[in-house]
A.B. asks: 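Here it is: the structure, laid out below.
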There are 2 protein chains.
Amino acid sequence: MKSGSLKIGKFNPYINHNTYCIFFEKLANPLRMGIVLCLRQKKRNVSEITKELQVEQSKISHALKTLKNCNIVKVNKKGKQRIYSLNKDTILPILKLIDSHANKYCRGKCYLWEK
Amino acid sequence: MKSGSLKIGKFNPYINHNTYCIFFEKLANPLRMGIVLCLRQKKRNVSEITKELQVEQSKISHALKTLKNCNIVKVNKKGKQRIYSLNKDTILPILKLIDSHANKYCRGKCYLWEK
DNA sequence: ATTTCATATGAATAATATTTCATATGTGTT
DNA sequence: AACACATATGAAATATTATTCATATGAAAT
């Protein structure tokens, strides 16, 4: 796919067409999104997230790793626990934009949005 | 996964946890993202997009359908052509937020972002 | 130093999304 | 009406991503 002519990423040569995709990919998953929304309320350790979402622990860990890799969440150690917290600066405004979008286009049961 | 306690989507009952995922899913694909960036410049018909991105036509049509379903793009007819344009209100600010995010965390070749 | 609790990891399997390609539809032209 | 051009669609094949589960690591407690 040709894309050299497209001006993207405010001219940082390391931000390209795929940077966006990869970022979106991380959020395009119900479990990871569940974690994001869960951490939106407050920081939590892995066990707490596991309990809150009622999902098997290794799944949570895999998902957290993915989210951490692209800095959507960050970790802190506390004894044997890992406390995860949301990078709110980026995520919260994005979720708000999608809220507006959905409020505008997705009134009533919105089949178009379904997969 | 439990999620009833999470306040999402400004209380529109049709916006939930999955609304976000589905939206992100649409953008989490190099071809669809290519189209979005291509349409950011100006509106174009299918042939023009096909030519610009150098991708087989039916692929473009499939991708456009997906993007249209969730209102990321819209269409207008003009003779036998379909002119697609980007819904800039939602997408452009989101891309900007990711630019800032990437500029902050992705300096130099950023392996963490890779799949 | 052994046990226990908290979390992470690898790799096979399963689920899901994308590509492909043949063909259909729709619109204008002759 | 026959043709040509523009775009869309269905469905099988393929590629990508997520889940699973057994197990590893790491840190505190006994």
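Just so it is clear: chains get the letters A, B, ... in the order the sequence lines come, proteins before strands, and each one is counted from 1.
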A.B. asks: Which nucleotide in the set C:dT18, C:dT7, C:dA6 lies at the smallest distance from any side-chain heavy atom of B:Asn29?
C.D. replies: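 The answer is C:dT18.
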A.B. asks: Quick one: which of D:dA18, C:dT18, C:dT19 gets closest to the side chain of B:Leu31?
C.D. replies: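 Out of D:dA18, C:dT18, C:dT19, the nucleotide with an atom closest to B:Leu31's side chain is C:dT19.
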A.B. asks: Any donor-acceptor pair under 3.5 Å joining the side chain of B:His62 to the base of D:dT7?
C.D. replies: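 A donor-acceptor contact between them is absent.
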A.B. asks: Which nucleotide wins on minimum distance to the side chain of A:Lys59, given the candidates D:dC21, D:dT19, C:dT18?
C.D. replies: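 Nearest listed nucleotide: D:dT19.
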A.B. asks: Tell me the interatomic distance from B:Ile83, atom CD1, to D:dA6, atom P, rounded to whole angstroms.
C.D. replies: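 Between P of D:dA6 and CD1 of B:Ile83: 12 Å.
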A.B. asks: Can you tell me the Watson-Crick or wobble partner of D:dA29, both distances under 3.5 angstrom?
C.D. replies: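 Across all strands, the one nucleotide that pairs with D:dA29 is C:dT2.
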A.B. asks: Please compare A:Ala28 and B:Ser58 by the position of their nearest nucleotide in DNA chain D and report the one closer to 5'.
C.D. replies: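 The 5'-side residue here is B:Ser58.
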A.B. asks: Figure out the CD1/C1' separation between B:Ile35 and C:dT18, and round it to whole Å.
C.D. replies: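 About 13 Å, once rounded to whole Å.
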A.B. asks: Ignoring backbone atoms, test whether A:Lys77 places a side-chain nitrogen or oxygen under 4.0 Å from the OP1 or OP2 oxygen of D:dA27.
C.D. replies: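 Result: no.
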A.B. asks: Report yes if a donor N or O on one partner sits less than 3.5 Å from an acceptor N or O on the other, where the partners are the side chain of B:Gln57 and the base of D:dA8; otherwise report no.
C.D. replies: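 Counting by modelled atom types and ignoring angles, a donor-acceptor contact under 3.5 Å is found here.
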A.B. asks: Nearest of D:dA8, D:dC21, C:dA6 to any side-chain atom of A:Gln81?
C.D. replies: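 Taking heavy atoms from C-beta onward, the closest nucleotide is C:dA6.
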A.B. asks: To the nearest Å, how far apart are B:Glu56 CD and D:dA6 C1'?
C.D. replies: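 Nearest whole value for this atom pair: 14 Å.
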A.B. asks: Roughly, in whole Å, what's the span from CG in B:Asn69 to C1' in D:dT9?
C.D. replies: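 One finds 13 Å between C1' of D:dT9 and CG of B:Asn69, rounded.
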A.B. asks: CG of B:Leu64 versus C1' of C:dT18: gap in Å, rounded?
C.D. replies: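 The distance from CG of B:Leu64 to C1' of C:dT18 comes to 15 Å, rounded to the nearest Å.
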A.B. asks: Please check if B:Leu97 and A:Leu37 belong to a single hydrophobic cluster, counting links between Ile, Leu, Val, Met, Phe, Trp and Tyr side chain heavy atoms closer than 4.5 Å.
C.D. replies: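 Same cluster: B:Leu97 reaches A:Leu37 through Ile, Leu, Val, Met, Phe, Trp or Tyr contacts under 4.5 Å.
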A.B. asks: For the atom pair NE2 (B:His101) and SG (A:Cys70), what is the distance rounded to the nearest 0.5 Å?
C.D. replies: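 So the NE2 of B:His101 and the SG of A:Cys70 are separated by 5.5 Å.
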A.B. asks: Side chains of A:Tyr84 and A:Asn76: donor-acceptor distance under 3.5 Å anywhere?
C.D. replies: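 Checked: A:Tyr84/A:Asn76 side chains show no N/O donor-acceptor pair below 3.5 Å.
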A.B. asks: Nearest-Å distance, NZ (A:Lys78) to P (C:dC5)?
C.D. replies: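 From A:Lys78 NZ to C:dC5 P: 19 Å.
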A.B. asks: Of the nucleotides C:dA6, C:dT7, D:dA8, which has the atom closest to the B:Ser61 side chain?
C.D. replies: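 Of the options given, the side chain of B:Ser61 lies nearest D:dA8.
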A.B. asks: Picking from D:dT17, D:dG10, D:dA27, which would you name as closest to the side chain of A:Glu25?
C.D. replies: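 The closest nucleotide is D:dT17.
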A.B. asks: Distance only, no hydrogens: is a donor on one side chain within 3.5 Å (strictly under) of an acceptor on the other, for A:Tyr105 and B:Asn87?
C.D. replies: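 Checked: A:Tyr105/B:Asn87 side chains pair up, N/O donor to acceptor below 3.5 Å.
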A.B. asks: Is the backbone of A:Ile35 close enough, under 3.5 Å, to the side chain of A:Arg40 for a donor and an acceptor to pair up by distance?
C.D. replies: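 It does not hold such a pair.
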A.B. asks: Below 4.5 Å, heavy atoms only, C-beta onward: do A:Ile49 and A:Leu39 meet side chain to side chain?
C.D. replies: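 Heavy-atom side-chain distance check passes, below 4.5 Å.
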A.B. asks: Is the shortest side-chain N/O distance from A:Lys65 to OP1 or OP2 of C:dT9 below 4.0 Å?
C.D. replies: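 Yes, A:Lys65 has a side-chain N/O under 4.0 Å of OP1/OP2 on C:dT9.
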A.B. asks: Can you tell me which nucleotide in C:dA22, D:dA22, C:dT4 comes closest to the side chain of A:Lys80?
C.D. replies: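 It is C:dT4.
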A.B. asks: For B:Tyr84 and D:dA6, what is the distance between atoms OH and C1' respectively, to the nearest whole Å?
C.D. replies: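 One finds 11 Å between C1' of D:dA6 and OH of B:Tyr84, rounded.
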A.B. asks: Would you kindly give the CZ-to-C1' distance between B:Arg82 and D:dC5, to the nearest whole Å?
C.D. replies: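 Between C1' of D:dC5 and CZ of B:Arg82: 13 Å.
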